[in-house]
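All values derive from a computational prediction rather than experimental measurement.
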Amino acid sequence: MPTSDEVMDEFAVAESAMIAECDIWFAVPPGFVEVPLTSIPDQSDARATHGIELLAELVSDEQYESLRSNMDEARSLGRLLARAGTVHLSMGVHQDDLGDVLHSVFMLKWEEVPWAPPKLAAAKAALASSEAGDAELVDLPCGPAAVVESLKEQEGQKVFQMTGYLPHPDGHRVAVLALSTTAGSDHEHYRDMFYGIARMVSFDNPLPPQLREQIPEAQEVAAARDVFG
């Protein structure tokens, strides 16, 4: 999982990347603030609040209030999204070449699928999605994937979205990555951003040995040791 306060080279490592149960790793570019997927206040809420306050330096007062409103609305949907398999949700604030501020939303969720070879699983998951048109099969560092690009109208606004379907090596689930924006143009920028995120996805722990050694053992392992010694 992306972003926190501990910097490793040019990356920041989130607490979620340092748990034994973590089964997918990825990175998002600067400008994204994670939206906690729970209504219970905790440290993730504090980090989100801190992150959005930092973004206030990039936007006008009006845009900042709009971003805060969108963040509050997204938080209210967190529990519902989590029940649907969403494991990460973040909002992004970016500037185009003209200096205009653009907003985006990035989401990652799991979908359970019948076992199939990776390429077939990716293609089937893409074709089964509601927005699927022409799905492009691509090879990513983590394996084969299918990518769907869509531009549709929602509530009077055109929404550009890139969705990727990345089969897990276990063959029984697919990681679904979606990056969407209401930006009317500059789709090439968001297309590049999406592929940049997708190429960073790993199903094997990519952290250096000195960080992997700090990860506590899984709760199941600890429980079994307590019982059986």
| said: Under the criterion side-chain contact (heavy atoms from CB on, under 4.5 Å), I'd like the reasoning laid out for Thr182 against Phe160: C-alpha separation, chi angles, the key distance, then a yes or no. | reply: CA-CA 6 Å; Thr182 54; Phe160 175 74; over 6 Å; no
| remark: Nearest heavy-atom approach of Phe194 to Thr163 is CZ-C, 3.8 Å
| message | If I take atom CD from residue Glu34 and atom CZ from residue Phe106, how far apart are they, to the nearest 0.5 angstrom? | response | 10.5 Å
| request: In sequence, state the C-alpha distance, the side-chain angles, and the governing distance for Val87 and Lys109, and then conclude on side-chain contact (heavy atoms from CB on, under 4.5 Å). | output: CA-CA 5 Å; Val87 295; Lys109 68 175 183 177; 5.8 Å; no
| query | Can Val159 be reached from Phe32 by stepping across I, L, V, M, F, W or Y side chains whose heavy atoms are under 4.5 Å apart? | reply | no
| For Ala135 against Val148, the heavy-atom pair lying closest together | CB-CG2, 3.9 Å
| Nearest 0.5 Å, what's the NZ-CD distance between Lys152 and Gln161? | 6.0 Å
N/O donor to acceptor pairs below 3.5 angstrom from side-chain atoms of residues 166-181, sequence neighbours left out:
from   : atom 1 : to     : atom 2 : distance (Å)
His168 : ND1    : Asp170 : N      : 3.0
His168 : ND1    : Asp170 : OD1    : 3.4
His168 : ND1    : Asp170 : OD2    : 3.4
His168 : NE2    : Arg173 : NH2    : 3.4
Asp170 : OD1    : His172 : N      : 2.9
Asp170 : OD2    : Arg173 : NE     : 2.9
Arg173 : NH1    : Asp23  : OD2    : 2.8
Arg173 : NH2    : Asp23  : OD2    : 3.3
Thr181 : OG1    : His103 : O      : 2.6
Thr181 : OG1    : Ala183 : N      : 3.0

Pairs under 3.5 angstrom only: tabulate donor-acceptor contacts from the side chains of residues 112-128 to other protein residues two or more places apart or in another chain.
none

| task | Report yes or no: do Leu151 and Met193 belong to one cluster of Ile/Leu/Val/Met/Phe/Trp/Tyr joined by side chain heavy-atom distances under 4.5 Å? | result | yes
| remark: Nearest heavy-atom contact between Phe203 and Trp25 is O-CZ3, 3.6 Å
| request: Enter the distance from Met107:CE to Thr86:OG1 here, rounded to the nearest 0.5 Å. | output: 4.5 Å
| field | Single-linkage hydrophobic cluster, 4.5 Å side-chain cutoff, Val201 and Val138 together | value | yes
| To the nearest 0.5 Å, what is the distance between OG (Ser90) and CD1 (Ile197)? | 7.0 Å
| request: Evaluate the ring planes of Phe26 and His88, with Trp represented by its six-membered ring, and classify them as parallel (under 30°), tilted (30 to 60°) or perpendicular (over 60°). | output: perpendicular
